[in-house]
Amino acid sequence: MNTEILGIIASFLITILLAFPLGKYIARVFSGEKTFTDFLNPFERRIFRWCHVDPAKGMNWKEFLKAMLTINLLWLVYAFVLLLFQGHLPLNPDGNPDMTPDLTFNTAISFLVNCNLQDYSGETGVTYLTQLFVITFLQFVSAATGIACLIALFNGLKQKTTTNLGNFWVIFTKTITRILLPLCLIMAVLLAFNGTPTSFDGKDTITTLQGDTVQVSRGPAAGMIAIKHLGTNGGGWFGANSAHPLENPNYFTNMLEIVSQTLIPVALLFAMGWYIRRKKFAYIVFGIMTVGMLVLLIPTVISEVHGNPEISRLGVSQATGAMEGKEVRIGPAASGYWSIITTIISTGSVNSMHDSSMPVSGLMQMLGMLINAFYGGDGVGFLNYYIYIIIAVFISGLMVGRTPEFMGHKVEAREVKIAALVTLLSAFVVKGFTALAAYYFVHHPNADWAVKPSGWLNNPGYHGFSEMLYQYTSCNANNGSGFEGLADNNPFWNITAGLALLAGRYLPMIGPVAIGGLLAGKKYIPESSGTLKVDSFTFGIMTFAVIIIITALSYFPPLILGPVAEYFSMH
Amino acid sequence: MSNINPNRLFEPSLVKEALKQSFIKLKPRIMVKNPVMFTVYIGTIIMLAVCCWIMSGERSQGTLGYNFLIFFILLVTVLFANFAEAIAEARGKAQAESLRKTREDTPAKKIFPVGEIYMNEIKTIPSSQLRKGDVFICEAGDTIPMDGEIIQGLATIDESAITGESAPVIREAGGDKSSVTGGTKVLSDKIRVRVTTEPGESFLDKMIALVEGASRQKTPNEIALTILLASFTIIFLIVCVTLKPFADYAGTPITIAAFISLFVCLIPTTIGGLLSAIGIAGMDRALRANVITKSGKAVETAGDLDTLLLDKTGTITIGNRKATHFYPSGGVEESAFIESCILASLADETPEGKSIVELGTSVGVKGPAVQVENTKFIPFTAETRSSGVDIDGTSIRKGAFDAISRCVLKAGNSFPADTEEQVRIISSNGGTPLVVSRDEKVLGVIELHDIIKPGISERFQRLRKMGVKTVMVTGDNPLTAKFIAQKAGVDDFIAEAKPEDKMNYIRKEQTGGKLVAMMGDGTNDAPALAQADVGVAMNSGTQAAKEAGNMVDLDNDPTKLIEIVEIGKQLLMTRGTLTTFSIANDVAKYFAIVPALFITTIPALKALNIMDLKSPESAILSAVIFNAIIIPILIPLALRGVTYRPIGAGALLRRNLLIYGLGGIIAPFIGIKLIDMLLALFM
């Protein structure tokens, strides 16, 4: 049991050890300082020339967001078309069919927004062409989009007063060439050497020990699995995601995958310290996020390791903890750690089935996604945290008798309005859609749909409610993991989830960049001893309190009716 | 109205008026201005409808008594919030009225220009008929009927009616002391005054209008906070609306009363109900400090000030320089020297000159009798930079070191080394040396010193802890200025300052992103007052200065800026802490109401009833009652403001988080439990 806990600690320490130099490197890349990847300069220049991008031209926040949204729309159309006709396109050795329109809608959006909710199974739902040129492609660009928006925010924080948040195309391109591609290359090689398939051959057939034959899907998976984690995407090559033995063959790859998904979000925090020259602020943010993670992680690991009380009551020994839905080679502790990391970081890849997690773990996983800012996804994690900061700055600024300011800029009605809107939206999306689903489930159980509402839930009662709540929470957080057990590949879920995905992605990115741009354009106010220090421990605690209170107050009733009721009914 | 005690929070006559106003404010048109309370208002109306529905025979919503009780408590909640606003308004208005009352219906001796030939007729009319531009006369014993500017004459005026300061002040035509305020009394002499404001447009009138609400505009910070509170309200609206399908899923029927109770408890009614009261109370507190603010925004800005520009004279030092020592040169007898000093200063009406005579007589030297025929007083001129007297052919002069030394050397005499050394010592100690000579021979030197106001350096210390930088403005040379600056503990100084220097300094600070306040009275201060973020004009100052600033200090007390800063900070802090308190309260309310809603269908949730409330009905009632009574309980805090302590922003945040954040979580647990125990006695 102790070895399992040590495994968690080691994974976390390795993450920090790697994130530190990576953060420094990222800061250097975007500051334009010398790095060892400068040999890529001519290559990037050629890309800019070819795309008619003037790398020297700065953008204000509106131009930046316009560029970001335009290219995203283009990718959406591209992905939609390819998925819809994949069955007729090359690189389809297994002869998989076209996607249905509603599934295409869901899938294209899901990967575009870095969510990777999969209402299909990788083995049968997509072809090698779409795996590579839609799924993997979107996994790269969506991660880079998030990071680019974060760098824009940093650019606003870096200068005293500026309207220039940097050039979207340049930041975006460099994110891919300098950060994502090199890291993925290393990781894909490591995965391939540990047994993850890397070939274009179709299904293979093996004979099991019992003597029956099984068809095993393969494909050029290692590269995709690398970006799936480094890009905090989470969509698996195979349906079972990282619980699949070919996607996550052993404990080493398990550690590699969990380290790699935490790596960039943490490194970006350190990068912020160097880049905007406020190291203490970065460390405080990192500290608060780590505390937040521990608050979610510790109860999860304890409840998983202790096993299921219902099973204990049957007189079954659970020496290894709650093993239902978990892989033997990974164990409950590492699965618990993964389940928290993957939910706080918006990856959404799974190495165990969250549906089978203990109620406490389910609660913590949902809280992780509802907060969505403890480390958070690539780039977007800190963007979400920034919204909480704005609200914390506003309230605590008042409490010390000064009109609120953040890093030398006054926070006024317009910024508060945007921050409030972003906060409101997630409450609206998660609860609104869950309420809609609950309404149909209760009042129109036999509606004449592809799947009747009464057939949606594999589990009755509180757990069934959690399945629905989890689905929209995951969509809104752009997480992508699922409380499987929900019949979600049908028009109702595909479409509502797709809408939740869009809402949960773009406003939380537009909001912080807009606030950042607005604030950066304001007059700079130097600090005085009456100014609230945002890089202080006290302010860190304040932000933490704001996060907890806002989340708790917004989601108290549904969480009570789902996991909490389930927990109390079990004990 | 006359015997209102301004320090009592709930003066009975004001409470009566406020109670009346709380009902008048129930008009939807007024209610809609406060989005948080407006939703409670709608909730109240819905509950009234539910009560009617039950009376017509509906059985699914519980008993009529219970529903009526909820309706009643919600109505009381709205009334409490209205009352908070009304009492704040009433107090502000009473304070302003008591100032204004003095000037109403005083007889005014108006001058009517008659015909082409400038023969004027004086008629006594009520002050309310005076218009801007009219001219009136005031003689000894008259009360000045209206704000105005002296155009002719000089008078001593008793301003105690407005400032509370009993010592009379001198006001005269021309210059910076030409302004008189209605309600003050002329003690001597006769002045001719031109009315400068239309009736109903004086600063006091404007202030009353601000308090009354008709022209009260929300400040930017208030708007931002309202947005935040409105969004919290919407979040909780979503919570309550979505709870319906969730409850359906769980198979739990929830009554309308329960939904509305949950909603009203969750939305930030505490701060929503008190928000406008806090703003009005801020202006009211300023008024109690005898400062008229022209907008609520100015008070708010005062809390953010980074830099204060203070005139040295009258603010940091008492009046003018005073003589502190006589240093005769070697070989000169002290008493003879002092006698010469007194002689040289007899005709000198400046405070410095007077202080020399004062100091001389206090050490026992009598001023010699002077025959007027043989005596010629030489006034100070910028050219000679000295003044003195010629008696019987003897010339006695006092003046700056370089001026006297030039004369002495020109006459072929030497300047005594010991006196030169003394001059140097005095200068380097921040004093002003005044050399005295008789017939071009140096007699000695008088030391003049600025007297720093007692306690002023502690106040600067306090300001520094608040993060406010103080800048002294003085006409002194840099050396003297530096000495006084150090001694008084100001952070910076502008020496040899001309009016435009102030302006430039303000601009410079503002380009650095700082907020600057200054105090001024003269017409030449007007541009700087307008430029400053907070410009406080002294009431004794010129009309131009008063128009340019955004506050008027009735006491003419330059240290008032310090109080203004604190009032501003208090205003913001009260908003912040009550918002935190209000939101923190929700935790306990959830724990009271949510288990109550579901306990019948999900018995396992009994574990969440950590307050062990008696029944679902009593739990909901307790929460709603707590939610209502917390508003009047906090009215005193809203009116008085949260105490500001200059302990640094971090420490202040920790303190307030502990009191209002943690306290806000714990207090309702105790409060709701107590109310529940009380209700258990009746139910």
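Only heavy atoms go into these numbers, but all of them, side chains included; no hydrogens, no water, no symmetry mates. Residue numbers begin at 1 in each chain, while the letters A, B, ... track the order of the sequences. These figures come from a predicted structure and were not determined experimentally.
For B:Arg464, the part lying under 4.5 angstrom from a heavy atom of chain A is the backbone only. Of the two parts of B:Val239, the backbone and the side chain both hold a non-hydrogen atom closer than 4.5 Å to a non-hydrogen atom of chain A. Residue contact with chain A, scored on non-hydrogen atoms closer than 4.5 Å, involves the backbone and the side chain of B:Val587 alike. Heavy atoms of A:Ser554 lying under 4.5 Å from chain B belong to its backbone as well as its side chain. Only the side chain of A:His443 comes within less than 4.5 Å of a heavy atom of chain B; its backbone N, CA, C and O stay farther away. Heavy-atom distances place no part of A:Met570 under 4.5 Å from chain B, backbone and side chain included. For chain B, the nearby parts of A:Thr434 are the backbone and the side chain; heavy atoms of each come within less than 4.5 Å. Neither the backbone nor the side chain of A:Leu425 comes within contact range of chain B; no heavy atom of the residue lies under 4.5 Å from a heavy atom of that chain. Only the backbone of A:Pro460 has a heavy atom closer than 4.5 Å to any heavy atom of chain B. Only the side chain of A:Leu561 comes within less than 4.5 Å of a heavy atom of chain B; its backbone N, CA, C and O stay farther away. Of the two parts of A:Ile550, only the side chain, counted from C-beta on, holds a non-hydrogen atom closer than 4.5 Å to a non-hydrogen atom of chain B. For A:Phe394, the part lying near chain B is the side chain, with the backbone staying farther off; criterion is any non-hydrogen pair under 4.5 Å. Contact of B:Phe598 with chain A is made through the side chain alone, with heavy-atom distances under 4.5 Å. Proximity to chain A involves both the backbone and the side chain of B:Ile234, based on heavy atoms less than 4.5 angstrom apart. At a 4.5 Å heavy-atom cutoff, the contact between B:Asp306 and chain A is made by side-chain atoms alone.
Interatomic distance, OH of A:Tyr439 versus CG of B:Asp248, reported as 9.0 Å (0.5 Å rounding). From B:Phe236, atom CZ reaches atom CG of A:Leu553 across 4.5 Å, with rounding to the nearest 0.5 Å. Note: B:Asn656 CG to A:Leu398 CG = 11.0 Å, rounded to the nearest 0.5 Å. From A:Arg402, atom CZ reaches atom OG1 of B:Thr301 across 11.5 Å, with rounding to the nearest 0.5 Å. Separation of atoms CG (B:Leu225) and CD1 (A:Ile395) is listed at 8.0 Å; rounding is to 0.5 Å. For the atom pair CG of B:Leu237 and CG of A:Leu424, the computed distance is 10.0 Å after rounding to the nearest 0.5 Å.
With hydrogens and angles ignored, the 3.5 Å screen pairs a side-chain donor or acceptor of B:Asp304 with a backbone N or O of A:Thr403. No donor-acceptor distance shorter than 3.5 angstrom exists from the side chain of B:Tyr644 to the backbone of A:Val400, with no hydrogens or angles considered.
Pairs passing the salt bridge (charged side-chain N to carboxylate O under 4.0 Å, His left out) check and including a residue from residues 413-438 of chain A, sequence neighbours excluded, read A:Glu415-A:Lys522.
The most heavy-atom pairs under 4.5 Å with chain A, out of B:Leu266, B:Leu515, B:Ile665, B:Leu608, come from B:Leu608. Each of B:Val241, B:Leu657, B:Val642, B:Leu243 has some count of heavy-atom pairs under 4.5 Å with chain A, and the biggest count is that of B:Leu657. In terms of heavy-atom pairs under 4.5 angstrom with chain B, the leader among A:Pro526, A:Ala565, A:Ser536 is A:Pro526. With respect to chain A, the highest number of heavy-atom pairs below 4.5 Å among B:Ile223, B:Asp586, B:Leu262 belongs to B:Asp586. Comparing B:Thr579, B:Thr511, B:Thr580 by how many heavy-atom pairs each has under 4.5 Å with chain A, the most go to B:Thr580. Considering only heavy-atom pairs separated by less than 4.5 Å from chain A, the leading option among B:Thr226, B:Ile238, B:Thr574, B:Ile593 is B:Ile238. Options B:Met573, B:Lys606, B:Lys469, B:Gln510 differ in how many heavy-atom pairs under 4.5 Å they form with chain A, and the most are formed by B:Met573. By number of non-hydrogen pairs under 4.5 angstrom with chain B, the leading residue of A:Phe428, A:Tyr440, A:Tyr524, A:Phe465 is A:Phe465.
Atom NZ of A:Lys452 has 12 or fewer heavy atoms from other residues, nucleotides or ligands within 6.0 Å. Other residues, nucleotides and ligands contribute only 12 or fewer heavy atoms inside 6.0 Å of the NZ atom of B:Lys465. Counting heavy atoms of neighbouring residues, nucleotides and ligands inside a 6.0 Å radius, atom OH of A:Tyr283 exceeds 12 of them.
A:Ser396 approaches B:Leu653 most closely through the heavy-atom pair CB-CD1, 3.4 Å. Considering every non-hydrogen atom in both A:Ala438 and B:Phe246, the closest pair reads CB-CD2, 4.4 Å. Counting all heavy atoms, side chain and backbone alike, B:Tyr590 lies closest to A:Pro557 at OH-CD, 3.6 Å. A pairwise comparison of heavy atoms in B:Ala224 and A:Glu412 identifies CB-C, 4.1 Å as the closest pair.
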Between B:Phe591 and A:Phe556, is a ring pair (Phe, Tyr, Trp, His ring centres under 6.0 Å) present by the stated rule, with each step listed? CA-CA 10 Å; B:Phe591 276 100; A:Phe556 192 88; 5.4 Å; yes

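Ring-plane geometry between A:Phe441 and B:Tyr249 is classed as tilted, the angle between the planes lying from 30 to 60 degrees on a 0 to 90 degree scale.
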